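None of these values were measured; they are calculated from a predicted model. All values below were derived from every heavy atom in this structure, side-chain atoms included, with hydrogens, water molecules and symmetry-related copies excluded.
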Amino acid sequence: MKLGIRALALAVAVLPGVAGAGPVERSPRPEARPGGIMQDMTSQGGPERLTLATANQGFDRWIAGFRGRAMAQGISARVFDRAFRGVSYNTNVIQKDRNQSEFTKTIWEYLDSAASDSRISNGKEALRKHRKVLEQIEAHYGVDKEVVVAVWGLESAYGEFRGNIPVIEALATLAYDGRRGSFFESQLIAALKIVQAGDVAPERMTGSWAGAMGHTQFIPTSYLSFAVDFTGDGRRDIWSDNPTDALASTAAYFARSGWQRGRPWGVEVRLPSNFDFGLTGDRVKKSPAEWAALGVRGVDGRPVPNHGAASILLPGGARGAAFMIFRNFHVIERYNAADAYVIGVGHLSDRIRGGAPIQASWPRGDRALLFAERRELQERLQAAGFDPGGVDGKIGPNTISAVKAFQRSIGMLPDGYASLEILNRLR
């Protein structure tokens, strides 16, 4: 599911409470994987049916041409015709695709939602309710049950909001639209293969506006690669009220990606006053003992135990929390490539397990850069001779390195934090 480089900002919103469960929050999905199920939620707390399907002769011609391409990839005429019965061009899907990059939140605002009191308490309740099957999944795949529950919590509020948008119609609309046509056409072919395999009927294949499906929001190609039938009923059913197959499929994904059971994704650390901030970022790896020799300590003041090679991550710059991240960080990253998402899943899993809140403060007076400002930052870095690796509005490793180089050039602390202050200095 890793479809883009890191983004540290996204939309987060809170929904009214669900009876008996406390407040339920929208999934704070970052931009790195398209289509958040909770981007389909209205402010009134319920799923929004996308009914703005319209007649479009160009779209109809595209379907006719796509039918031949689908059949050439093994989709039967019967399956295709049934799946496309009643499908129309959906203008609301296009609107959501166009607007998604403007949703921005800071890392701390994101984590306030991702690991809120309600999401933690609901996660503990989900773990209690489904403990037996989660322990079976953990034993079978070697993936800690708390991280599986955390993914479930962030993706669909523990199954409360799985999406009710027709996936075939949404993917067909996006494939025809052309902005990312080849990607969405590949997802549409995969969706048709799922239908053809008998895992789900087309009318039950619902999800987000961009085709992410089920309790843990698998896109179709990831479903084909990783979904499992853990219940043994002959179908890999991630859509039903029973979350077993979806949770097991998520564990299978993590297991195949190299999850190390019983080891942390990362731990919060404290940096010494003389720390070389040029060593931050996941391109620099050292053992915990080597970091300890440089003065890096856990929040308890002790050296971090040896969980393998580690990097130091500063998602909010030098004035925010610092994390020592390990291999499991990068496993979660394969599910969704945004740092905010990875830290959200990891920290939520820690809190569900009974761990402490993040101890450090954040620079809460700062605001997130808008999408246009992130592009401007990259353009100005490039013009000043600091290569951000392209202008796409995404703050990835190359942009962070460019920010560090610019900071060094003007005598600032090189923490790589892409802030409004940096943009104003470049202006």
Side-chain angles (χ1 to χ4, degrees), residues 1 11-19 21 23-29 33-54 59 82-100 103 122 126 151-177 184 187-188 190-192 194-195 198-223 227 235-247 249-250:
M1 295 191 184
V12 177
V14 178
L15 295 174
V18 172
V24 174
E25 293 172 281
R26 295 184 188 178
S27 168
R29 182 193 301 279
R33 177 153 52 101
I37 177 62
M38 299 311 157
Q39 290 178 19
D40 302 324
M41 308 303 296
T42 69
S43 61
Q44 301 303 310
E48 176 190 1
R49 285 199 177 275
L50 299 189
T51 56
L52 298 182
T54 62
F59 181 61
R82 181 187 174 195
F84 272 82
R85 190 177 302 138
V87 166
S88 299
Y89 181 76
N90 196 312
T91 57
N92 211 337
V93 166
I94 297 303
Q95 182 181 10
K96 288 179 180 295
D97 182 52
R98 293 290 186 269
N99 292 337
Q100 64 170 329
F103 294 107
N122 290 345
V151 171
W152 189 21
L154 263 64
E155 294 290 356
S156 69
Y158 308 106
E160 290 292 338
F161 303 107
R162 284 165 266 159
N164 57 8
I165 300 168
V167 166
I168 299 295
E169 179 170 283
L171 291 175
T173 297
L174 291 165
Y176 164 72
D177 182 62
F184 284 112
Q187 295 303 317
L188 183 53
L192 291 170
I194 294 167
V195 171
D199 284 308
V200 65
E203 58 272 15
R204 286 193 61 237
M205 181 181 269
T206 55
S208 78
W209 63 266
M213 308 175 296
H215 287 264
T216 52
Q217 294 293 279
F218 269 50
I219 60 173
T221 50
S222 292
Y223 177 99
R235 293 184 299 119
R236 299 172 293 174
D237 190 357
I238 65 173
W239 298 271
S240 73
D241 290 339
N242 182 351
T244 298
D245 282 355
L247 299 177
S249 297
T250 301

Practice prompt. Any salt bridge (Lys or Arg N to Asp or Glu O under 4.0 Å) involving residues 200-217? Give me the pairs, sequence neighbours left out, ordered by first then second residue.
Written response: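 Sorted result for residues 200-217: Arg82-Glu203, Arg204-Asp237.
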Heavy-atom pair of closest approach, residues [X] and [Y]:
X: Ser249; Y: Ala227; result: OG-CA, 3.2 Å
X: Gly214; Y: Ser156; result: O-CB, 4.4 Å
X: Ser208; Y: Gln217; result: CB-OE1, 3.8 Å
X: Ala191; Y: Leu171; result: CB-CD1, 4.1 Å

Separation between CG (Leu174) and CG (Asp177), nearest 0.5 Å, reads 6.5 Å
One should read off an interatomic distance between Glu155 CD and Tyr158 OH, to the nearest 0.5 angstrom, of 11.5 Å
With a 4.5 Å cut-off on side-chain heavy atoms, are [Y] and [X] touching?
X: Gln95; Y: Asn92; value: yes
X: Ile194; Y: Met213; value: yes
X: Trp209; Y: Thr173; value: no
X: Pro166; Y: Val87; value: no
X: Tyr223; Y: Asp199; value: yes

Is [X] reaching over with its side chain to a backbone N or O of [Y], donor-acceptor style, under 3.5 angstrom?
X: Arg162; Y: Gly159; answer: yes
X: His215; Y: Ser240; answer: yes
X: Thr216; Y: Trp152; answer: no

**Asked** Do Thr221 and Gln187 meet the criterion of a side-chain donor-acceptor pair at a distance under 3.5 Å?
**Response** yes
Side chains of Asn242 and Thr244: donor-acceptor distance under 3.5 Å anywhere?
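Yes, Thr244 and Asn242 have a side-chain donor paired with an acceptor closer than 3.5 Å.
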inquiry  = Between Met205 and Leu192, does the side-chain contact (heavy atoms from CB on, under 4.5 Å) criterion hold? Intermediate values first, please.
reply    = CA-CA 10 Å; Met205 181 181 269; Leu192 291 170; over 6 Å; no
